[in-house]
Student: 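Take a look at this one; I'll ask things after.
Everything numeric in this text was worked out from a predicted model, so none of it was measured.
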Amino acid sequence: CEQLRTYICHPKQDVIVMGTHAGLQTGSEGVSHTAIEDIAILRALPNMTIIQPSDAVSARVLARKALEFHGPLYVRLPFDAVEDINDEATYHVEIGKANWVKRRGKDVTLIATGIMLDRTVKAAKALKARGVNAQIMEIHTLKPIDREAVITAAGETGAIVTVEQAMEFTAQWTQEEEEPNRFLCV
């Protein structure tokens, strides 16, 4: 981490760092290759931006955006391929801004990162069958988080559930400066 912090992050170098085996999906590599602490470590580095695609379509779109990006950038990738859920013709991202996958849910906002988006879409369908109307937000930029979108979503539904590949101590807890007893888990 010292080299990243000192030679890339502090001087705000245009460097893209790629990380594979992210999250709990490591294929045949096993538990020794599971990376769940990478987000926590890299979030602590100054000027580092972290992005995570949800499928091959978003990976290609984010790769093009990464080439245009200025500053330190960490791209968090899974080991195995996952089913595409996005359409390349209509998928649009802006680094730093959340994507609404399904809007107009009134009961809960489901916020997904990375390959957990597919499972989140399936969970929303299961919830709908039980009478729970969920809206879905994709957070592909983990740092900086789109705080405005998260706060808006919380106000719209009053409930947020995050779906991410992390453990409690590496989850993206952000303490609100204005309300020190309120936390957002994204």
Student: Run the side-chain contact (heavy atoms from CB on, under 4.5 Å) check on Thr49 and Phe69 step by step: do they pass?
Tutor: CA-CA 10 Å; Thr49 296; Phe69 187 80; 3.3 Å; yes
Student: Considering only Ile, Leu, Val, Met, Phe, Trp and Tyr, and joining two whenever side-chain heavy atoms are under 4.5 Å apart, list the other residues clustered with Met116.
Tutor: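 So far as hydrophobic clustering goes, Met116 is joined with Val163.
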Student: Just by modelled atom types, is the Val132 backbone N or O under 3.5 Å from a matching donor or acceptor in the Asp107 side chain?
Tutor: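 A pair under 3.5 Å: no.
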Student: Any side-chain donor-acceptor pair under 3.5 Å between Glu164 and Thr113?
Tutor: no
Student: Can you see which heavy atom on Ile160 is nearest to which on Ala154, and at what distance?
Tutor: CD1-CB, 3.7 Å
Student: Measure the spacing between CE of Met137 and OG1 of Thr162 and express it to the nearest 0.5 Å.
Tutor: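 Rounded to the nearest 0.5 Å, the CE-OG1 separation comes out at 12.0 Å.
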Student: Looking at Val75, Ile51, Ile8, which hits side chain to side chain contact (heavy atoms under 4.5 Å, CB included) with Ile16?
Tutor: Val75
Student: Can you tell me how far apart OH (Tyr91) and CG (Asn99) are? Round to the nearest 0.5 Å.
Tutor: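 One finds 5.0 Å between OH of Tyr91 and CG of Asn99.
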Student: Enumerate the residue pairs fulfilling side-chain hydrogen bond (donor to acceptor under 3.5 Å, both in side chains) with a member in residues 2-17, sequence neighbours excluded, ordered by first and then second residue.
Tutor: Asp14-His70
Student: Enter the distance from Lys143:NZ to Thr141:OG1 here, rounded to the nearest 0.5 Å.
Tutor: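 If I round to the nearest 0.5 Å, the distance is 12.5 Å.
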Student: Might you work through the side-chain contact (heavy atoms from CB on, under 4.5 Å) test for Leu4 and Leu42, ending with a clear yes or no?
Tutor: CA-CA 9 Å; Leu4 286 174; Leu42 294 167; 3.8 Å; yes
Student: Indicate the atoms forming the closest heavy-atom contact of Pro78 with Ile115, along with that distance.
Tutor: CG-CG2, 3.8 Å
Student: Find out if a path of hydrophobic residues (ILVMFWY) with successive side-chain heavy-atom gaps under 4.5 Å connects Val61 to Met18.
Tutor: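 Same hydrophobic cluster.
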Student: Do Asp118 and Val82 pass the side-chain contact (heavy atoms from CB on, under 4.5 Å) test, and can you show the C-alpha distance, the side-chain angles, and the key distance before you say yes or no?
Tutor: CA-CA 9 Å; Asp118 178 52; Val82 296; over 6 Å; no
Student: Shortest non-hydrogen contact from Trp100 to Ala153?
Tutor: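 Nearest heavy atoms, Trp100 then Ala153: CH2-CB, 3.6 Å.
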Student: What is the distance from atom CD1 of Ile50 to atom CD1 of Ile95, rounded to the nearest 0.5 Å?
Tutor: 12.0 Å
Student: Just wondering, do Leu73 and Val17 contact through their side chains at under 4.5 Å, heavy atoms?
Tutor: no
Student: Of all the heavy-atom pairs spanning Ala56 and Asp84, show the shortest one and how long it is.
Tutor: N-OD1, 3.1 Å
Student: Just checking, is any N or O donor in the side chain of Lys102 or Asn133 under 3.5 Å from an acceptor N or O on the other one?
Tutor: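 There is such a pair (donor and acceptor under 3.5 Å, judged by atom type) between the side chains of Lys102 and Asn133.
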Student: Apply side-chain contact (heavy atoms from CB on, under 4.5 Å) to the pair Thr152 and Val150, showing each step before the final yes or no.
Tutor: CA-CA 5 Å; Thr152 297; Val150 173; over 6 Å; no
Student: At what distance, to the nearest 0.5 angstrom, does CG of Asn47 lie from SG of Cys9?
Tutor: 6.5 Å
Student: Minimum heavy-atom separation for Asp146 and Ala98, please, with both atom names.
Tutor: OD2-N, 2.8 Å
Student: Just grab all the side-chain hydrogen bond (donor to acceptor under 3.5 Å, both in side chains) pairs involving residues 50-69, residues at least two apart or on different chains.
Tutor: Gln52-Arg76, Ser54-Ser58, Ser54-Asn86, Ser54-Glu138, Asp55-Ser58, Asp55-Asn86, Arg60-Glu88, Arg64-Glu88
Student: What's the spacing between Thr157 OG1 and Gln135 CD if we round to 0.5 Å?
Tutor: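 Nearest 0.5 Å value for the OG1-CD distance: 5.5 Å.
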